[in-house]
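Numbers restart at 1 for each chain; the letters A, B, ... are given by sequence-line order, proteins then strands. Please read these numbers as outputs of a predicted model, since none were measured by experiment.
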2 protein chains.
Amino acid sequence: MTVRQPDSALSADAARPSRREQILRAAAQLFAERGSRAVGVDDVGAAVGVTGPAIYRHFASKDAMLAEMLEGISQRLLAGARERVAAAGLDPAAQLRALVTFQVDFALDNPALITVQDRDLGSLPTDDAAAVRRLQRRYVEVWVDVLARLRPEEGTDASRARAHAVFGLVNSTPHSAGRLPREQMAALLAAMAEAAATA
Amino acid sequence: MTVRQPDSALSADAARPSRREQILRAAAQLFAERGSRAVGVDDVGAAVGVTGPAIYRHFASKDAMLAEMLEGISQRLLAGARERVAAAGLDPAAQLRALVTFQVDFALDNPALITVQDRDLGSLPTDDAAAVRRLQRRYVEVWVDVLARLRPEEGTDASRARAHAVFGLVNSTPHSAGRLPREQMAALLAAMAEAAATA
DNA sequence: CACCGATGTTAACGACGGTTCACATCGCGG
DNA sequence: CCGCGATGTGAACCGTCGTTAACATCGGTG
């Protein structure tokens with residue numbers, strides 16, 4: 001009954017690269033491929049060389065696993081975005097470039113997480129879903145602030161729609177997987193995203 | 001045991017607006033909100049004022065229902081795209097504009113279908129999934145042809161990635177639902193999509 | 001060495017959900 | 001009016017799956 005919760009859900013937990021992290025990674029992969037509801041606890045276990053119920057030594061429930069996964073993604077995105085903006089100085093154009101390259105890199109590095117994030121948020125207990133949505137909203141706001149300063153004549157509603165559209169564009173990566181070398185793909189997506197953001 | 005199959009899966013079936021169509025529409029809405037695996041046959045039935053098992057008078061199975069829905073979407077998209085391109089003359093730029101406005105209109109008119117299409121394709125029997133993917137591929141090729149003629153120096157792989165990115169951009173509609181009046185949203189998305197496609 | 005916490009295993013439970021069955025109802029063509 | 005096909009209902013069936021229980025193993029610590 002001793003389910004260890006991470007000291008802080010955000011810590012990448014470099015100290016213990018084992019099992020728990022292993023499970024989360026394998027689960028993310030499987031969830032991305034088939035959808036969280038279609039993969040059983042046994043599947044996740046098998047993916048790390050363990051039987052199904054063993055999962056419960058590391059997570060309170062399947063939902064808790066998904067919750068931690070989605071919260072982790074949202075937290076990494078929010079923290080990363082703020083960091084990049086802060087490091088980009090005061091020019092909104094430079095900040096936008098920083099945000100775009102950050103999002104592109106994240107999407108190319110974590111296609112599975114990107115897929116799961118916007119497909120399986122719905123199959124989460126309401127409370128956890130709300131928490132994730134709060135984080136997502138704050139991430140969007142980072143973008144909205146930059147976009148709004150870049151085009152002050154536009155309302156924030158338009159800026160928000162613009163932000164979502166850019167996310168959709170960049171997060172299309174999992175659909176056009178691997179046909180282009182990563183460098184080229186990154187450059188293409190960044191150029192398109194910037195053009196769309198400033199059109 | 002008499003499950004009527006539509007004369008042709010593509011016909012919008014204007015002759016019989018009832019039940020079958022009604023069920024498909026309600027199911028699409030529910031699937032979009034919660035994910036196809038999370039909604040039960042009873043839910044779909046209740047949405048049209050009927051008990052669960054009644055569904056089986058109109059569809060062979062829940063999977064068959066989802067299959068028909070997804071195939072319908074893909075067929076409408078493919079047919080519409082070809083039509084618009086043909087009507088746009090020979091100028092690739094004009095053809096692209098036609099494709100963009102078509103996709104934007106479709107996405108704004110059918111947010112539920114857009115959502116279901118790229119979330120629940122995975123929870124389809126392999127055969128049906130393959131059929132849908134074939135249609136989708138052909139739709140993408142329509143775009144790739146136009147994009148490739150518009151920028152001949154780019155490889156078709158890049159054009160394909162470009163097409164997927166534009167889809168992602170336009171299909172972001174369900175995420176930024178209703179905050180902008182439709183006209184304004186359509187204009188914004190079209191401008192962004194065109195800028196991204198030609199960046 | 002003995003104990004204990006961490007980690008697994010197998011077996012069983014219980015709920016949910018898709019599907020089928022046997023039975024009503026109802027409208028329409030002969 | 002009779003009967004049949006279409007449509008719907010409630011009850012029951014059954015597989016899947018998340019979860020729990022009872023029991024093993026094993027490495028480290030007092």
Side-chain angles (χ1 to χ4, degrees), chain A residues 1-7 13 15-27 30-31 33-70 116 120 122-129, chain B residues 1-7 13 15-27 30-31 33-70 120 122-128:
Chain A
M1 190 56 67
T2 318
V3 171
R4 179 177 357 189
Q5 295 297 17
D7 353 19
D13 223 297
R16 282 170 83 288
S18 276
R19 265 311 103 113
R20 195 181 175 86
E21 287 296 323
Q22 217 178 117
I23 293 175
L24 275 181
R25 253 187 276 280
L30 291 174
F31 287 1
E33 285 164 8
R34 301 181 228 161
S36 71
R37 258 182 151 98
V39 331
V41 165
D42 288 355
D43 298 326
V44 177
V48 298
V50 147
T51 57
I55 301 286
Y56 291 84
R57 298 296 170 186
H58 305 274
F59 295 91
S61 69
K62 193 189 169 193
D63 279 345
M65 197 172 105
L66 181 60
E68 186 168 326
M69 190 167 124
L70 293 191
V116 175
D120 295 82
S123 35
L124 211 59
T126 28
D127 288 352
D128 308 79
Chain B
M1 190 56 71
T2 319
V3 170
R4 180 178 353 188
Q5 294 297 20
D7 353 15
D13 224 297
R16 281 169 75 286
S18 277
R19 267 309 103 114
R20 195 182 176 85
E21 288 295 324
Q22 216 177 118
I23 293 175
L24 274 181
R25 252 186 276 281
L30 291 174
F31 287 1
E33 286 164 8
R34 302 182 227 162
S36 71
R37 247 168 161 115
V39 329
V41 166
D42 289 355
D43 297 327
V44 177
V48 297
V50 150
T51 57
I55 301 286
Y56 291 84
R57 299 296 170 185
H58 304 273
F59 296 91
S61 68
K62 192 188 168 192
D63 279 346
M65 198 174 105
L66 181 59
E68 186 169 327
M69 190 167 125
L70 293 190
D120 295 77
S123 34
L124 213 59
T126 29
D127 289 350
D128 308 78

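Annotation: side chain to side chain contact (heavy atoms under 4.5 Å, CB included) contacts of A:Asp120 (sequence neighbours excluded): A:Ser36, A:Leu66, A:Val116, A:Ser123. Every residue was checked against the salt bridge (charged side-chain N to carboxylate O under 4.0 Å, His left out) condition with B:Asp42, not counting sequence neighbours, and none meets it. Applying the side chain to side chain contact (heavy atoms under 4.5 Å, CB included) criterion to B:Val39, with sequence neighbours excluded, gives B:Leu30, B:Phe31, B:Arg34, B:Asp43, B:Val44. Legend: residues meeting side chain to side chain contact (heavy atoms under 4.5 Å, CB included) with B:Ala46, ordered by chain and number and at least two apart, are absent. Under the side chain to side chain contact (heavy atoms under 4.5 Å, CB included) criterion, B:Val48 pairs with B:Gln22, B:Ile23, B:Ala26, B:Val50, not counting sequence neighbours.
Rounded to a whole Å, the OH atom of A:Tyr56 is 5 Å from the C1' atom of D:dT19. Atom CZ in A:Phe31 sits roughly 13 Å away from atom P in D:dC17 (whole-Å rounding). Distance B:Arg20 CZ to D:dG8 C1': 17 Å, rounded to the nearest Å. In this structure, B:Gln22 atom CD and D:dG8 atom P are separated by 9 Å, rounded to whole Å. Here D:dT20 presents its C1' atom at 17 Å from NZ of A:Lys62, a figure rounded to the nearest Å. In this structure, B:Asp63 places its CG atom 13 Å from C1' of C:dG17, rounding to the nearest Å. Taking atom CZ of residue A:Phe59 and atom P of nucleotide D:dG18, one finds them 15 Å apart after rounding to whole Å. The interatomic distance linking A:Arg57 (CZ) with C:dT10 (P) rounds to 14 Å, in whole Å.
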TODO: Please lay out, stage by stage, how B:Asp63 and B:Asp128 fare under the test side chain to side chain contact (heavy atoms under 4.5 Å, CB included).
DONE: CA-CA 9 Å; B:Asp63 279 346; B:Asp128 308 78; over 6 Å; no

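For D:dG8, one of the phosphate oxygens OP1 or OP2 lies less than 4.0 angstrom from a side-chain nitrogen or oxygen of B:His58. Distances shown here put a side-chain N or O of B:Arg19 below 4.0 Å from the OP1 or OP2 atom of D:dG8.
Between atom CG of residue B:Leu70 and atom CE of residue B:Met65 there is a gap of 10.5 Å, rounded to the nearest 0.5 Å.
Comparing the start and finish of the helix from C:dC1-D:dG30 to C:dG30-D:dC1, five pairs each, the helix axis swings through 10°, to the nearest 10 degrees.
Among all heavy-atom pairs drawn from A:Lys62 and A:Arg37, the shortest one is NZ-CA, 4.1 Å. Between B:Arg20 and B:His58, the closest heavy-atom pair is NH1-O, 2.5 Å.
For DNA chain C, the residues of residues 41-55 of chain A within the heavy-atom distance limit of 4.0 Å (strictly under) are A:Val50, A:Thr51, A:Pro53, A:Ala54, sorted by number.
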